[in-house]
There are 2 protein chains.
Amino acid sequence: MERIPILRMGHYLLVTIQVELYDRLALSLETDLVQMVNKTSAKGVLIDISAVAIVDSFMGRIIGNIASMSKILDAQTVVVGMQPAVAITLVELGLSLPNVFTALDVQKGMDLLASMIDVEQEDFDDYEDNNS
Amino acid sequence: MERIPILRMGHYLLVTIQVELYDRLALSLETDLVQMVNKTSAKGVLIDISAVAIVDSFMGRIIGNIASMSKILDAQTVVVGMQPAVAITLVELGLSLPNVFTALDVQKGMDLLASMIDVEQEDFDDYEDNNS
């Protein structure tokens with residue numbers, strides 16, 4: 001199976017990574033995801049990596065890339081379900097994913113996204129109030 | 001990667017099938033899923049098969065099994081994202097999945113589950129009203 005499916009759930013997109021990300025698959029995931037953010041006006045992207053037991057610098061970089069691309073398109077990225085061993089490896093590799101939000105599971109990730117989008121909306125409302 | 005992750009979202013569980021289901025993986029998915037339904041008191045199970053391009057009778061049977069097991073544990077199963085070619089193959093194989101609900105995508109599947117659970121709750125309320 002050649003593509004990782006991107007599931008739309010309301011204002012969010014959900015990607016579950018279950019297979020090893022090799023070059024071409026990772027690139028097509030990046031492309032598909034930014035197109036999907038654009039098409040659906042998604043406000044948040046959830047990346048579930050609970051099935052990922054082994055991580056390398058390539059995968060860390062792909063996650064960072066996706067977060068940066070989504071951010072430019074005004075969507076927040078939350079990585080969920082990271083296994084403790086993966087967190088250890090990422091930090092040991094020097095990849096602490098500074099721009100990526102994380103949550104323990106999908107449920108908590110959605111709550112986090114909801115709170116972030118609320119906060120952003122409030123900021124915008126404040127801005128509008130101050131400038132009206 | 002040896003297991004298919006089961007994601008909890010509120011009252012629902014979501015499973016995305018991205019890899020070919022061989023015997024052991026399918027059995028562990030069945031076991032994990034019924035345990036998860038039991039543990040989380042989930043009311044619905046969404047199985048996303050949008051990444052599945054080729055289906056055989058084994059996979060059709062596994063989906064039917066999961067639906068029957070969940071039903072006994074009082075959870076509805078909705079299969080979402082089926083590709084047209086997969087629907088054609090299933091019917092040609094004589095597997096029309098009679099007990100399985102389907103929806104075009106995750107969003108519509110969640111709406112369907114919500115409406116089913118509402119209906120069930122109303123039925124229960126009616127029953128209680130009639131017997132009080």
Leu73(B) atom CG, over 12 foreign heavy atoms within 6.0 Å: yes
If Ile, Leu, Val, Met, Phe, Trp and Tyr residues are connected whenever their side-chain heavy atoms lie under 4.5 Å apart, and connections chain through other members, are Leu46(A) and Leu104(A) in the same group? no
Which portion of Asp105(B) sits near chain A, non-hydrogen atoms under 4.5 angstrom: neither
Apply side-chain contact (heavy atoms from CB on, under 4.5 Å) to residues Leu14(B) and Val106(A) and explain how you reach the verdict. CA-CA 10 Å; Leu14(B) 174 68; Val106(A) 174; over 6 Å; no
Cluster check Leu97(A), Ile72(A): I/L/V/M/F/W/Y, side chain < 4.5 angstrom: no
Nearest heavy-atom approach of Gln18(B) to Thr16(A) is NE2-O, 2.6 Å
Might you confirm whether atom CG of Leu27(A) has over 12 heavy atoms from other residues, nucleotides or ligands at distances under 6.0 Å? yes
If one checks every heavy atom of Met110(B) against chain A at 4.5 Å, the contacting part turns out to be side chain
Determine whether Phe58(A) and Ile17(A) fall in the same hydrophobic cluster, where Ile, Leu, Val, Met, Phe, Trp and Tyr are linked whenever their side-chain heavy atoms lie under 4.5 Å apart. yes
Ranking Gly109(B), Gly10(B), Gly81(B), Pro5(B) by heavy-atom pairs under 4.5 Å to chain A gives rank one to Pro5(B)
